[in-house]
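Reading through the structure tokens given below for one structure.
Computed from a predicted model, the values in this text were never measured in an experiment. Counting starts at 1 for both ligands and their atoms, in listed order.
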Amino acid sequence: MRGPNGIARMTGPGRIRRLDSTRRRIIASAAALAVALLLVWIIALVHGTLLRRGEAEALRLGQQRLAFLIAALQNATDRHDRLPRLLARERDFIAALKAPADAEAIARANRAAAFVSTHADVSDVFLIDEDGDTIAASNADQPDTFVGHNFAFRPYFADSIAGRTGRFYAVGAVTGVPGYFIAEPIEDGGKRLGVVVIKVSLAPLAELWTRSGDAIAAVDRSGVIMLASDAAWLYRTLAPLLPLEVARLKSARQYGDDDLKPLDAAAPIRLGEGSVKAELSLHGETGAYLVQARSLERLDWRLVLFTPLAEARRFADTWTSFAVVLLVAAGFGLALVAARSRNRADRRRAAERLARLKTELEAEIERAGAQLAERNRKLRDAERILTETRDEALQAGKLAALGQMAAGISHELNQPLTALSTLSDNAAALLERGDADSARRNLALIGATAIRMGRIVGQFKAFARKNAGPLEPVPVKAAISAAMIMVENRAREIGAAIVRDEAGPDPVVRADRVRLEQILVNLLRNALDASENAPTRHVEVGIRLDVGRPEAVLVEVRDHGAGIAPAALGHLFEPFFTTKPDGRGLGLGLALSQDIAKSFGGEILAANAPGGGAVFTLVLPRA
Ligand code: ADP
């Protein structure tokens, strides 16, 4: 799957894939950036919305709170609104105003004032004559009594002496305690004698404000804080006052000697009848405040509520953070899911690659198998051709052999035939001569020659005969004896002795008796031929039983001849191989013998004996 082809496959699409992946990465980065920007925008939007909602909520709550506070303040101021009008009819007050020098009358007025102050829950009640001098008061017996003080500078005096109800909020000029003053003219018989004034302390209300934890202030027409939940804001202003305004306030001594400094605001708080946002430093804490104001009825006051927007900011921040955390978590989750699905996709791709690889491998194996089959087929063809060729060669060899054989036969038979004709001619002549003995000898020679010829022909017959006869148990010694008789003449001819190991074993082998004898005759004849010119003309025949091969019987034929030439050793059993001089050998003996031995299931082995000469071993299967 690698190889030059594989590499070629990798480069082309690989580059395209890389380009694709770069483009994909750019697109993915752009998408990520867009998503991030979108998220930032969404977060900003969420934060803004939450902040606006928080502020709207603060505004709504402030509105409610203001309504309640206004009601409370209204109640505190209105509660005593009609009291001065009632007190204006008080006989003791009228009497005292009529006779300010009458100590008794003044004392009665003082007592009446004290009584009212105690029971009507107002801080002070006092009488002022038409010149603005205080002639009697509920606190006449106290060191800081109003008695003797002139309040002509107070607007409430001016208003009331003019016949109207005077209402005024101010810091007490004597006591320094702020209060709400309500003044009513006292008339008698159509004559305006003076003014009765009650001073209502709003301190308990301010105390309530302080305890409520709200940042509340009551502001007068000029924007001066005259009542507040935090005492530190008193007599400070929402915005810087004009010098003229300051002068007016100073002349009325409304807020004593205070500086009337503006609150610590980043910018002047200019309040209409609504709400503004302001950066303020209240209670030492600087921050954004929602400043809401509402006017009181009748009085030219406004109640101002400061709501810190930090809470709303915190609310928005908290929920935005929460949203961010949620988004980040969701992002992580998505990334995780994406990564996992990508992993899954990777795994799928890997599996696909593997499957592809497997398919390719299978195809490769199939191809290899087909190639192998083809090669096998070719091999078989070659084998067949070889066999055929060999058979043909063999056939050709046989034809050649036939020629050779023809020459051999004619050569072999020519001599005895010539001898036969000579002998028969001689025999006829001898008989005519009446030499019966010579004729008989001649006839015997004829017989012998015929036998010899028969043997030659027999050899060819054996060569032609292919199939062996039925195999049977044959005693080896008997077969050797028979063979020895057949070569007796030849042994005698060359003066050789065939020595047999008489004491050895006499096993029985499975063979065809006649053909076994034929093998033995061949081996003995060859041994005798080899012994012909040898100094020792001994041929030894032995029978051996091999321990390693209990099923085999070995018959050894050994001579003391020249032995087998190394070059001949490999060709001994080939048909027509002979080293014997012309006419003496056909080269068929060993080939035939081997063929026969094999048909018994045995074989013939040839070797040179250690002490010289050759040894042929006939291996036979034991019966
Ligand atoms: P032939 O005897 O007709 O030559 P064989 O097939 O019997 O044919 O023998 C073939 C050859 O084997 C002989 O020509 C000879 O060279 C060699 N040979 C056979 N027996 C012996 C032996 N005992 N000693 C030496 N050579 C032998």
Practice item. Would you please test R492 and E488 for salt bridge (Lys or Arg N to Asp or Glu O under 4.0 Å) and show each step? Key: CA-CA 6 Å; R492 205 178 301 124; E488 218 173 40; 3.7 Å; yes
Practice item. For the pair E472 and D512, evaluate side-chain contact (heavy atoms from CB on, under 4.5 Å) and give the outcome as yes or no after the intermediate values. Key: CA-CA 6 Å; E472 56 192 359; D512 175 292; 5.6 Å; no
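Listed by chain and number, the residues in a salt bridge (Lys or Arg N to Asp or Glu O under 4.0 Å) with R340 amount to none (sequence neighbours excluded). Applying the ring pair (Phe, Tyr, Trp, His ring centres under 6.0 Å) test to F616 and every residue at least two apart in sequence or in another chain returns nothing.
Protein residues having a heavy atom under 4.0 Å from any atom of ligand 1 are N526, A527, A530, D559, G563, L572, F577, T578, T579, K580, G585, L586, G587, L588, G589, L590, A614, F616, listed by chain and number.
Contact check on R500 versus E540 returns no salt bridge, with no Lys/Arg side-chain nitrogen under 4.0 Å from an Asp/Glu carboxylate oxygen.
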Mind listing the side-chain donor-acceptor pairs of residues 427-438 below 3.5 Å, one per line with the distance, residues two or more places apart or on another chain?
residue, atom, partner, partner atom, Å
D435, OD1, S438, N, 3.2
D435, OD1, S438, OG, 3.1
D435, OD2, S438, OG, 2.6
D437, OD1, R440, NH1, 3.0
S438, OG, R441, NH2, 3.4

